[in-house]
Amino acid sequence: MTRILLVPGSTRDESLHTAALRTAARFAPEGISATFYTGLRALPAFVPGEQRPPASVTELREAVHAADAVLFSTPEYAGSLPGSLKNLLDWLVDGGDLQAKPVAWLSVAPAGQDDGARETLETVLGHASARLLRAACIRLPLTQAAVDLSGMITDPQLHQALQDMVHALVRVLTMSDGSAQPSWTAVSSVYPVISPQSAPRSHAYPAAGRHPGGPRAQPPGPQGPAVRRPWGPPRFPGDGGPWGS
């Protein structure tokens, strides 16, 4: 029995990310135990070097240790991770709980709308010495219409797509090297929606000063050319507000 811990980044019950993981846990394929983590709100603020961590932190660490892999799904808040998820990760980094632990992420946002959160998540997981399974990192864009009043995904095809996602993660666990780039269109038998442009932009553009044409130009966004701003990264037309789901 393969055990996967599903960790949402949102504290909002109606979040698409939470709904996706909750549904994945309920409809997990046979032979796979998928546990949905529900303790995000209960975690206290991180205290470095805490000798006697609270019970909620101990329970989190035990759940991580018992899992064969951890799957994260998080919205983007103000260009980065939600504070609640960063707090959870700080507790795990401090305890060394993610060292060599296979991890992956599931995105339910359209390409280009959660790059800051995903890149920050990968950075923190790197500091934790986790084993990022890139071939199991999957994007499955959803809309609020796909979620019913109980917070579950209702579309049977999306159920199948989530099952395919869990199967993909388990397959990668058995591979000798889980760092290969994702093969997006092979992820789901019913919902092949991802294009390679969702890969981190840092891999597609050389560093500033090394571009053959001079300083690096801002890459085009998935929804049109980037708009320069006097602070922070470029914002793409249609990105919407600073808060995700």
Side-chain angles (χ1 to χ4, degrees), residues 1-10 12-38 67-76 85 102-115 117-119 121-122 125 132-175 178-200 222-223 240 244-245:
M1 177 75 71
T2 301
R3 297 163 296 182
I4 303 175
L5 181 65
L6 310 177
V7 179
S10 176
R12 192 166 67 90
D13 288 339
E14 299 82 8
S15 165
L16 290 175
H17 302 78
T18 301
L21 293 184
R22 187 186 293 121
T23 305
R26 177 171 297 184
F27 294 96
E30 185 177 353
I32 298 173
S33 172
T35 301
F36 177 66
Y37 178 70
T38 60
D68 297 304
V70 181
L71 178 68
F72 296 91
S73 186
T74 180
E76 178 173 303
L85 179 58
V103 296
W105 51 256
L106 166 67
S107 171
V108 299
Q113 292 192 11
D114 62 352
D115 291 347
R118 291 188 300 100
E119 291 170 7
L121 175 62
E122 291 189 9
L125 293 174
L132 180 62
L133 306 178
R134 289 196 176 276
C137 295
I138 294 166
R139 185 185 298 279
L140 180 66
L142 300 175
T143 65
Q144 202 65 48
V147 183
D148 64 15
L149 295 179
S150 65
M152 299 290 291
I153 305 296
T154 57
D155 189 331
Q157 281 198 317
L158 293 178
H159 290 177
Q160 184 61 55
L162 289 169
Q163 289 183 350
D164 290 343
M165 175 271 297
V166 174
H167 272 305
L169 175 56
V170 173
R171 284 197 301 270
V172 174
L173 277 173
T174 64
M175 295 166 56
S179 62
Q181 289 298 318
S183 176
W184 301 118
T185 57
V187 164
S188 174
S189 60
V190 297
Y191 208 66
V193 295
I194 301 310
S195 64
Q197 72 176 14
S198 62
Q223 302 164 12
S245 180

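The first residue of the sequence shown is numbered 1, and numbering continues consecutively from there.
- With values rounded to the nearest 0.5 angstrom, His159 atom NE2 is found 13.0 Å from Asp164 atom CG.
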Pairs of donor and acceptor atoms involving the side chains of residues 19-36, under 3.5 Å and at least two apart or interchain, shall be tabulated with distances.
residue, atom, partner, partner atom, Å
Arg22, NH1, Gly151, O, 2.5
Thr23, OG1, Ala19, O, 2.8
Thr23, OG1, Ile153, N, 2.8

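- Counting only heavy atoms from C-beta outward, the side chains of Val70 and Ile4 never approach each other to under 4.5 Å.
- Within the 4.5 Å cutoff, side-chain heavy atoms of Val103 are placed close to those of Phe72.
- Distance check: Thr38 OG1 to Asp13 CG gives 10.5 Å after rounding to the nearest 0.5 Å.
- Rounding to the nearest 0.5 Å places CG of Leu158 at 12.0 Å from CE of Met152.
- The side-chain contact (heavy atoms from CB on, under 4.5 Å) search around Thr143 returns Ala145, not counting sequence neighbours.
- Proximity of Val147 to Leu16: side-chain heavy atoms (C-beta onward) are separated by under 4.5 Å at one or more points.
- In terms of heavy atoms, Glu76 sits closest to Asp115 at OE1-N, 3.3 Å.
- Checked by atom type and distance alone, the side chain of Glu122 never pairs as donor or acceptor with a backbone atom of Leu132 at under 3.5 Å.
- Across Pro75 and Gly9, no two heavy atoms sit closer than the pair CD-C, 3.9 Å.
- With sequence neighbours left out, Asp68 forms a salt bridge (Lys or Arg N to Asp or Glu O under 4.0 Å) with Arg3.
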Q. Where do Arg139 and Val108 land on the side chain to side chain contact (heavy atoms under 4.5 Å, CB included) test, with the steps shown first?
A. CA-CA 6 Å; Arg139 185 185 298 279; Val108 299; over 6 Å; no
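- With hydrogens and angles disregarded, a donor-acceptor distance shorter than 3.5 Å links the side chain of Ser73 to the backbone of Leu106.
- In this structure, the separation between OH on Tyr37 and CG on Leu6 is 13.0 Å, given to the nearest 0.5 Å.
- Rounded to the nearest 0.5 angstrom, Leu142 CG and Leu140 CG are separated by 5.0 Å.
- In this structure, Ala109 and Gln113 approach most closely via the heavy-atom pair CB-CB, 4.4 Å.
- Leu169 approaches Ala136 most closely through the heavy-atom pair CD1-CB, 3.6 Å.
- Two residues are said to be in side-chain contact when any heavy atoms from C-beta on lie closer than 4.5 Å; Leu5 and Val7 meet this criterion.
- No side-chain heavy atom of Arg118 sits under 4.5 Å from any side-chain heavy atom of Thr74.
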